[in-house]
Engineer: 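Quick one: this structure, given as structure tokens, is what I'll be asking you about.
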Amino acid sequence: MNTLAGPLGNARPLAAAAGPMIDPFGRAVTYLRVSVTDRCDFRCTYCMAENMTFLPKKDLLTLEELDRLCSAFIAKGVRKLRLTGGEPLVRKNIMHLVRALGRHIEAGHLDELTLTTNGSQLARHALELYDCGVRRINVSLDTLDADKFRTITRWGDLGRVLDGIEAAQKAGLRIKLNAVALKDFNEHEIPSMLRWAHERGMDLTVIETMPMGEIEEDRTDRYLPLSKLRADLEQQFTLNDIPFKTGGPARYVEVAETGGRLGFITPMTHNFCESCNRVRLTCTGTLYMCLGQNDAADLRTALRASDDDAYLFAAIDEAILRKPKGHDFIIDRNNRPAVPRHMSVTGG
């Protein structure tokens, strides 16, 4: 009988219930995003309130429980697993979990183990990430201006992030930069960021700001439709649509002048839900079947109810059958978030 094993837990049989996850609209769920912590060492203005209240540590799943949950999803057909936060690399002993999950890469049960990071801790962890089987990461970076970087993150150090990116590339990690497009903040900087990334062999993806969580600023003042950004970029670049995919929602173009790729993630102007293959797990064991909906499933109870994964598999199956067709994001002058939880809870 096949098993999934990792250093954080005992080997478990692949039960008969470990079948593929198909939602009500016929979409196979093969991509799991796991927020290992809601904490972050930045306070990006579009993502968090300045004085955040984070979960008490006692409410978080242990690393062993996260390993078991992830392994259950892998048994049920997940082929891509992304660790997120908050900032995943601030979770104490996080590399123990990364190494455990790397066993699934080695065994052929998982195609890709990756993470999204703000880059602040990369210099310290880059070599070990590669050693654990990680080959590609996303780094969130909204500006290359040190003063603007400190403004948008409230207390981040751009130099530390750039050092982390350099260390990651030297370790052999491929990097994609993610930039949230913000009106009157970085919209005129995107061309220079694009050239900077492509000169260093990195893709760049731009993302529309999303109405999640109560924050101090009015999102309508920052919202920049990527349709407008693309039109502006086409005044100086030749953008050719290409079928390239990484498993996520980005649509890619090749930039003729640089030879690099540029991605667009458009939750507001172009809903990408028709091909959604993703679910999101929080550090408390809550499964969100859609980033932009409030419906969720409590997997922590199922996880702790029995050492037998059959109950857990059943809870996962029940949740997948509630996966909606799409999200209902809208940004208006009332500044009400579409969902009350902050982005750091589910990791984007």
Side-chain angles (χ1 to χ4, degrees), residues 6-9 31-73 78 80-102 113-126 128-129 132 134 137-141 153-157 160-161 164 168 178 180 210 212-215 278-288 291 296-301 303-304 339-348:
L8 293 184
Y31 181 4
L32 176 68
R33 299 178 62 113
V34 184
S35 178
V36 298
T37 178
D38 66 329
R39 295 173 183 267
C40 187
D41 49 352
F42 292 171
R43 294 291 183 277
C44 294
T45 57
Y46 56 81
C47 178
M48 290 186 177
E50 184 167 8
N51 298 307
M52 288 288 292
T53 300
F54 294 114
L55 293 166
K57 292 182 180 178
K58 65 179 177 61
D59 289 352
L60 272 60
L61 294 180
T62 66
L63 295 178
E64 288 80 9
E65 287 176 324
L66 283 169
D67 177 37
R68 183 182 166 201
L69 260 179
C70 290
S71 295
F73 274 95
V78 161
K80 177 176 178 177
L81 197 155
R82 179 178 295 278
L83 302 181
T84 69
E87 169 48 45
L89 295 178
V90 302
R91 172 85 190 245
K92 186 177 180 180
N93 296 324
I94 187 59
M95 294 311 299
H96 292 322
L97 177 62
V98 178
R99 189 165 295 280
L101 296 173
L113 173 63
T114 183
L115 77 155
T116 295
T117 173
N118 64 26
S120 66
Q121 310 296 317
L122 260 183
R124 187 156 58 101
H125 293 296
E128 190 174 3
L129 285 169
C132 291
V134 177
I137 62 173
N138 290 357
V139 177
S140 300
L141 183 65
T153 62
R154 290 194 175 98
W155 55 60
D157 181 350
R160 187 172 178 180
V161 172
N178 287 342
V180 176
M210 287 177 266
M212 296 185 66
E214 296 288 354
I215 59 173
R278 300 170 295 286
V279 289
R280 292 166 172 83
L281 181 69
T282 75
C283 54
T284 62
T286 300
L287 183 73
Y288 285 95
L291 179 65
D298 172 22
L299 298 186
R300 180 170 60 184
T301 298
L303 181 75
R304 294 177 176 174
V339 292
R341 67 184 183 277
H342 286 87
M343 185 71 77
S344 60
V345 174
T346 41

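All residue numbers in this chain count up from 1 along the given sequence.
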Engineer: Heavy atoms, side chains only, cut-off 4.5 Å: are Val90 and Cys40 in contact?
Structural biologist: no
Engineer: Output all residues satisfying side-chain hydrogen bond (donor to acceptor under 3.5 Å, both in side chains) with Asp298, sequence neighbours left out; order by chain, then residue number.
Structural biologist: Thr301
Engineer: Among Leu101, Leu83, Leu115, find the one that has a side chain to side chain contact (heavy atoms under 4.5 Å, CB included) with Val134.
Structural biologist: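 Among the candidates, only Leu115 passes.
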Engineer: Taking the side chain as everything from C-beta on, heavy atoms only, tell me whether Arg82 gets closer than 4.5 Å to Asn138.
Structural biologist: yes
Engineer: Testing the basics here: between Val34 and Cys70, what is the closest heavy-atom pair and its distance to 0.1 Å?
Structural biologist: CG2-SG, 3.7 Å
Engineer: Within the 4.5 Å heavy-atom criterion, are Val36 and Cys283 side-chain neighbours or not?
Structural biologist: no
Engineer: Does Glu87 use its side chain to pair, donor to acceptor, with the backbone of Phe42 at less than 3.5 Å?
Structural biologist: no
Engineer: Could you report the tightest heavy-atom contact between Gly285 and Leu69, atom names first, then the distance?
Structural biologist: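 Taking Gly285 first and Leu69 second, the nearest heavy atoms are CA-CD1, 4.3 Å.
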Engineer: Would you say the side-chain atoms of Asp67 pair up with the backbone N or O of Ala100, donor to acceptor, closer than 3.5 Å?
Structural biologist: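 Checked: no pair found.
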Engineer: State which residues pass side chain to side chain contact (heavy atoms under 4.5 Å, CB included) with Ala296; sequence neighbours excluded, sorted by chain then number.
Structural biologist: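 Only Thr286, Tyr288 meet the side chain to side chain contact (heavy atoms under 4.5 Å, CB included) criterion with Ala296.
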Engineer: Roughly how far, to the nearest 0.5 Å, is CG of Leu66 from CG of Leu281?
Structural biologist: 7.0 Å
Engineer: Quick one: OG1 on Thr37 to CG on Leu60, what's the gap to the nearest 0.5 Å?
Structural biologist: 5.5 Å
Engineer: Tell me, do Leu122 and Arg160 make a side-chain contact under 4.5 Å, heavy atoms counted?
Structural biologist: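 With C-beta onward as the side chain, the pair stays apart.
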Engineer: Supply the atom-to-atom distance Leu113 CG to Leu129 CG, rounded to the nearest 0.5 angstrom.
Structural biologist: 8.5 Å
Engineer: So, using side chain to side chain contact (heavy atoms under 4.5 Å, CB included) as the criterion, who are the partners of Arg304 when residues are at least two apart?
Structural biologist: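 If we apply the side chain to side chain contact (heavy atoms under 4.5 Å, CB included) test to Arg304, skipping adjacent residues, the hits are Leu61, Glu65, Arg300.
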Engineer: Can any side-chain N or O of Arg280 pair as donor or acceptor with the backbone N or O of Arg33 at less than 3.5 Å?
Structural biologist: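 Not confirmed, Arg280 side chain does not pair with Arg33 backbone.
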Engineer: Do you know which two heavy atoms are closest between Thr84 and Pro88, and how far apart they sit?
Structural biologist: O-CB, 3.5 Å
Engineer: Measuring only between side-chain heavy atoms, which start at C-beta, is Gln121 closer than 4.5 Å to Asp41?
Structural biologist: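 Yes; the side chains approach each other to less than 4.5 Å.
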Engineer: Taking the side chain as every heavy atom from C-beta outward, state whether Phe73 and Val279 have any atom pair closer than 4.5 Å.
Structural biologist: yes
Engineer: Counting distance only, does the side-chain N/O of Arg154 pair as donor-acceptor with the main-chain N or O of Arg43 below 3.5 Å?
Structural biologist: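 Flag set: sc Arg154 to bb Arg43 pair under 3.5 Å.
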Engineer: Write down the atom of Ser35, the atom of Gly86, and the distance for their closest heavy-atom approach.
Structural biologist: OG-N, 4.3 Å
Engineer: Using the side chain to side chain contact (heavy atoms under 4.5 Å, CB included) rule, take Leu55 and Arg39 through it: C-alpha gap first, then chi angles, then the decisive distance, then the call.
Structural biologist: CA-CA 8 Å; Leu55 293 166; Arg39 295 173 183 267; 6.0 Å; no
Engineer: Search all heavy atoms of Leu97 against all heavy atoms of Leu63 and return the closest pair with its distance.
Structural biologist: CD1-O, 3.7 Å
Engineer: Quick check for you: to the nearest 0.5 Å, what is the distance between Thr116 atom OG1 and Leu89 atom CG?
Structural biologist: 10.5 Å
